[in-house]
Amino acid sequence: MSTTEQPTDQSSPATLRVAESDADLAVAVDTLAAAFYDDPVLTWLCPDDERRRNVLPGWFDVITRSLSHHRAIHLSADDAGAAVWVPPGVPMVEDDEAFGGAMVNVSPVDAERFGTLIGKAEAVHPEEPHWYLFLVGVVPDRQGQGLSGLCLERMR
């Protein structure tokens, strides 16, 4: 499947599911917060360890809720892996200003670095329609076992 086509079978492979409920979004938030706690970019974005531990769930909550309307947040069956996709040809979020404001409100002290990060990402983002992988993460004790690849496989 090309990366510009929408997957046709959301129930296969059986080891992945689409996040459809608030409970699924909460799982995605927890999975991503654990997966990205030691990530170098997010460590730069929020350098204080304790603050990062506290703000990551808020940031990932804003992200998953803002992108859930795409129905393209995938979770592994064991909840250890999550991928957040944006379909081709549609805006990532419905309201860029509200999204940015919500992210900044989670941790205002990190707002300047957050703006820098978004600016760098937008500068290199391709213009042609494509499936955009916003995030993929696996909880630390399951990393290195192929779950990220599984989360990506559906979109190949």
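Summarising the geometry of Trp59 relative to Met103, their closest heavy-atom pair is NE1-O, 3.0 Å, with the distance given to 0.1 Å. The minimum heavy-atom distance between Asp39 and Leu42, with the atom names listed, is OD2-N, 3.1 Å. In this structure, Cys46 and Val55 approach most closely via the heavy-atom pair SG-CG2, 3.8 Å. Contact detail for Gly137 and Phe36: the closest heavy-atom pair is CA-CE1, 4.1 Å. Heavy-atom minimum distance, Leu56 versus Ala33: CD1-O, 3.6 Å.
A single hydrophobic cluster is seen to contain both Leu32 and Val29, as judged by linkage of ILVMFWY side chains at heavy-atom distances under 4.5 Å, directly or through other members. Cluster membership check: Val62 does not share its hydrophobic cluster with Val109, using side-chain heavy-atom separations under 4.5 Å among Ile, Leu, Val, Met, Phe, Trp and Tyr.
Residues Pro47 and Asp110 meet the side-chain proximity criterion, which asks for heavy atoms closer than 4.5 Å. Side chains of Asp30 and Val27 form no contact here, defined as non-hydrogen atoms less than 4.5 Å apart. The shortest side-chain heavy-atom distance between Val138 and Gln145 does not fall under the 4.5 Å cut-off. The shortest distance between side-chain heavy atoms of Val106 and Phe114 does not fall below 4.5 Å. With a 4.5 Å cut-off on side-chain heavy atoms, Leu25 and Ser68 count as touching.
Ring geometry, Phe134 versus Phe99: the interplanar angle exceeds 60°, so the pair is classed perpendicular (tilted spans 30 to 60°).
Atom-to-atom distance recorded for Gln143:CD and Ser148:OG is 7.0 Å, nearest 0.5 angstrom. Remark: Leu45 CG to Glu112 CD distance equals 11.5 Å, nearest 0.5 Å. Here CG of Leu135 is found 7.0 Å from CG of Leu133. Values are rounded to the nearest 0.5 Å.
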Under 3.5 Å, which donor-acceptor pairs link side chains of residues 79-86 to any protein atom two or more places apart or in another chain?
{"unit_1": "Asp79", "atom_1": "OD1", "unit_2": "Arg17", "atom_2": "NH1", "d": "2.9"}
{"unit_1": "Asp79", "atom_1": "OD1", "unit_2": "Arg17", "atom_2": "NH2", "d": "2.8"}

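Of the possible donor and acceptor atoms, none in the side chain of Asp61 sits under 3.5 Å from a partner among the backbone N and O of Pro57. Checked by atom type and distance alone, the side chain of Thr31 never pairs as donor or acceptor with a backbone atom of Ala28 at under 3.5 Å. Arg71 places no side-chain N or O within 3.5 Å of a backbone atom of Val18 that could act as its donor or acceptor partner. Remark: the backbone N or O of Tyr37 is not paired with any side-chain donor or acceptor of Arg53 at under 3.5 angstrom. Using modelled atom types, one side-chain atom of His70 and one backbone atom of Met92 make a donor-acceptor pair closer than 3.5 Å.
Counting side-chain heavy-atom gaps under 4.5 Å among Ile, Leu, Val, Met, Phe, Trp and Tyr, Val139 is found in no cluster with other residues.
Checking Asp22, Asp24, Ile73 one by one against Thr64, the side chain to side chain contact (heavy atoms under 4.5 Å, CB included) holds for a single residue, Ile73.
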